[in-house]
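Below is one structure; the comments refer to it alone.
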Amino acid sequence: MRVLILGGTGEARALAAELAGTESGAGIEFVSSLAGRVSNPALPVGVVRIGGFGGVDGLVAYLSAEGVDAVIDATHPFAATITGHAVAATGRLGVPLLVLRRPGWTAGAGDRWQRVPDIGAAAEALATVGAGTAFLTTGRRDLSVFADRFAAEPVRRFLVRTVDPPAGPVPPNLRLLLDRGPYTVAGERALMIEHQVGVLVTKDSGGPMTAAKLTAARELGLPVIVVDRPPVPDGPPVADSVAEAVRWLVARADR
Ligand code: NAP
């Protein structure tokens, strides 16, 4: 059985490692696909292809040419375009698709979260929430939204953490940190204290790699603006763990 893993996440790498390293993966050939967005990506084990397919038509052509029998969409919960393309392309060809999505984060006792539907709403909320430095962890491509919203209000300070440097407009009064998780609670707490962070802005990415900032914010009593995930399109089954995705693949390989 030939499988395409749409990746770019820790779960996609864990799935590749699981299929490569255990008996359950025997008989399952897989290729991991990355978009090529970051300059020095963490690579999964096994065969990797890098770069877009060229929209739905390009993905249909790839799946047909490679004889792909099943697709796992293990992309980031906010990578909605590629997920939509995967649903459309596999639907057109009748190829089974499983969406692997880590669960989102949930607020606990002591958390001061405000959920917002998108980045624009996060920028609006930020105009009224929290004093002090705003710590933006929503990724470099969304920075232009904060740049536009706060251009005329250069009083607020921003601490921005991204994997690669921003390419477009950035908010005023910016300190830029280039880093990638996983992070520790102690490290996040020290960072927030050092930069006098008064509010944290995050996507609801879920997973353990970047969750320490939420614990640190709770411990420091800081408000957090949490951007909700885009919905998964209707149709494909959704698994919330790598083990479940492996079981889904093995059940198909055994047929
Ligand atoms: P996106 O907006 O959903 O997709 C934009 C385009 O990038 C797609 O139309 C596709 O190009 C290409 N693409 C995306 N993922 C791909 C993959 N795994 N393999 C091949 N092509 C892919 O995606 P994004 O938000 O830019 O994210 C890009 C990648 O970074 C994803 O693989 C995602 O898992 C990872 N990532 C995203 C975030 C985030 O916050 N969005 C965070 C961490 C990691 P074509 O139309 O040409 O096929």
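Being a predicted model, the structure only gives us computed values, none of them experimental. Note that these values count all heavy atoms, side chains included, but never hydrogens, waters or copies made by symmetry. Sequential numbering from 1 along the given sequence is applied to the chain's residues.
Counting heavy atoms from C-beta on, the side chains of Ser64 and Leu93 come closer than 4.5 Å. When side chains are defined from C-beta on, Leu176 counts as touching Pro166, because their heavy atoms get closer than 4.5 Å. With a 4.5 Å cut-off on side-chain heavy atoms, Leu136 and Pro171 count as touching. Side chains of Val116 and Asp228 form no contact here, defined as non-hydrogen atoms less than 4.5 Å apart. A 4.5 Å side-chain heavy-atom check between Gln114 and Val129 finds at least one atom pair inside the cut-off. Side-chain contact between Val199 and Leu222 is absent, with no heavy-atom pair separated by less than 4.5 Å. Two residues are said to be in side-chain contact when any heavy atoms from C-beta on lie closer than 4.5 Å; Trp105 and Val226 fail this criterion. Looking only at side-chain heavy atoms (C-beta outward), Asp148 and Phe146 stay at 4.5 Å or farther from each other.
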Stepwise, does the side-chain contact (heavy atoms from CB on, under 4.5 Å) test hold for Asp73 with Leu97? CA-CA 7 Å; Asp73 171 18; Leu97 167 69; 4.0 Å; yes
Run the numbers on Met1 and Val3 for side-chain contact (heavy atoms from CB on, under 4.5 Å), then give the verdict. CA-CA 6 Å; Met1 183 166 81; Val3 175; 3.8 Å; yes
Derivation of the side-chain contact (heavy atoms from CB on, under 4.5 Å) call for Val47 and Glu29: CA-CA 9 Å; Val47 180; Glu29 275 178 48; over 6 Å; no
Begin with the C-alpha distance, continue with both residues' side-chain angles, and end with the deciding distance and a verdict on side-chain contact (heavy atoms from CB on, under 4.5 Å) for Arg141 and Arg37. CA-CA 11 Å; Arg141 277 178 300 137; Arg37 286 277 189 282; 3.8 Å; yes
Step by step, would you call Lys213 with Glu188 a salt bridge (charged side-chain N to carboxylate O under 4.0 Å, His left out)? CA-CA 5 Å; Lys213 61 190 172 188; Glu188 297 290 60; over 6 Å; no
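When all heavy atoms of Arg2 and Glu66 are compared, the pair lying nearest together is NE-O, 2.6 Å. Taking all atoms of both residues into account, the shortest heavy-atom contact from Val87 to Asp234 is CG1-O, 4.5 Å. The two residues Val68 and Val95 make their nearest non-hydrogen contact at O-CG2, 3.8 Å. Residues Ala74 and Ala12 share a closest heavy-atom pair of CB-CB, 3.7 Å. The shortest non-hydrogen separation linking Ala239 to Ala245 is CB-N, 4.2 Å. Pairing each heavy atom of Val155 with each of Asn173, the nearest pair is O-ND2, 3.5 Å.
Linking Ile, Leu, Val, Met, Phe, Trp and Tyr residues whenever their side-chain heavy atoms come within less than 4.5 Å leaves Val197 and Val185 in two separate clusters. Under the 4.5 Å side-chain contact rule for hydrophobic residues, Leu220 and Val224 share a cluster. Val232 and Ile72 are not part of a single hydrophobic cluster, where members link through side-chain heavy atoms under 4.5 Å apart. Under the 4.5 Å side-chain heavy-atom criterion for grouping Ile, Leu, Val, Met, Phe, Trp and Tyr, Trp113 is connected to Met192 within one hydrophobic cluster. Residues Ile225 and Leu143 share a single hydrophobic cluster, defined by chaining ILVMFWY side chains whose heavy atoms lie under 4.5 Å apart.
For the atom pair Ile5 CD1 and Leu100 CG, the distance stands at 9.5 Å (nearest 0.5 Å). Distance OG/Ser33 to CZ/Phe53: 3.5 Å, rounded to 0.5 Å. Put simply, CG on Leu4 and CG on Leu59 are 7.0 Å apart, with the number rounded to the nearest 0.5 Å. Distance check, rounded to the nearest 0.5 Å: CD1 of Ile82 to CG of Leu6 gives 5.5 Å. Atom OG1 in Thr133 sits 8.5 Å away from atom NE2 in His195 (nearest 0.5 Å). Atom OG1 of Thr202 and atom CZ of Phe135 lie 9.0 Å apart (nearest 0.5 Å).
A distance-only check finds a donor-acceptor pair linking the side chain of Thr137 to the backbone of Val201 [under 3.5 Å]. Counting only distance, with no hydrogens or angles, the side chain of Ser241 and the backbone of Glu244 share a donor-acceptor pair below 3.5 Å. Side-chain N or O atoms of Arg49 include one that pairs as donor or acceptor with a backbone N or O of Gly51 at under 3.5 Å. Here the side chain of Ser144 pairs no donor or acceptor atom with the backbone of Pro169 at under 3.5 angstrom. Not a single donor-acceptor pair under 3.5 Å links the side chain of Arg115 to the backbone N or O of Val227. When atom types are taken as modelled, the side chain of Arg102 and the backbone of Gly206 share a donor-acceptor pair closer than 3.5 angstrom. Checked by atom type and distance alone, the side chain of Arg156 pairs as donor or acceptor with a backbone atom of Leu126 at under 3.5 Å.
A search for side-chain hydrogen bond (donor to acceptor under 3.5 Å, both in side chains) contacts involving Arg140 returns nothing, not counting sequence neighbours. Judged as a side-chain contact (heavy atoms from CB on, under 4.5 Å), and not counting sequence neighbours, the contacts of Asp57 are Arg92. The side-chain hydrogen bond (donor to acceptor under 3.5 Å, both in side chains) search around Asp164 returns Ser39, not counting sequence neighbours.
A donor atom on one side chain and an acceptor atom on the other are found under 3.5 Å apart for Arg101 and Thr83.
A cation-pi contact links Arg252 to Trp248, judged by a cut-off of 6.0 Å to the six-membered ring centre and 45° from its axis.
Residue Glu18 is tested with Leu249, Val246, Val45 for a side chain to side chain contact (heavy atoms under 4.5 Å, CB included); the sole match is Val246.
For Asp142 and Lys203, the salt-bridge test passes: some basic side-chain N is under 4.0 Å from an acidic carboxylate O. Between Asp111 and Arg218, at least one side-chain nitrogen of the basic residue sits less than 4.0 Å from a carboxylate oxygen of the acidic one, meeting the salt-bridge criterion. Salt-bridge annotation for Asp179 and Arg161: absent, with no side-chain N of the basic residue lying under 4.0 Å from a carboxylate O of the acidic one.
Within 6.0 Å of the CZ atom in Arg175, the count of heavy atoms belonging to other residues, nucleotides or ligands does not exceed 12. Applying the 6.0 Å contact sphere to CD of Glu219 captures more than 12 heavy atoms from other residues, nucleotides or ligands.
Phe78 and His76 have tilted rings, their planes meeting at an angle from 30° to 60° on a 0 to 90° scale.
Aromatic pair Phe158/Phe150: centroids less than 6.0 angstrom apart.
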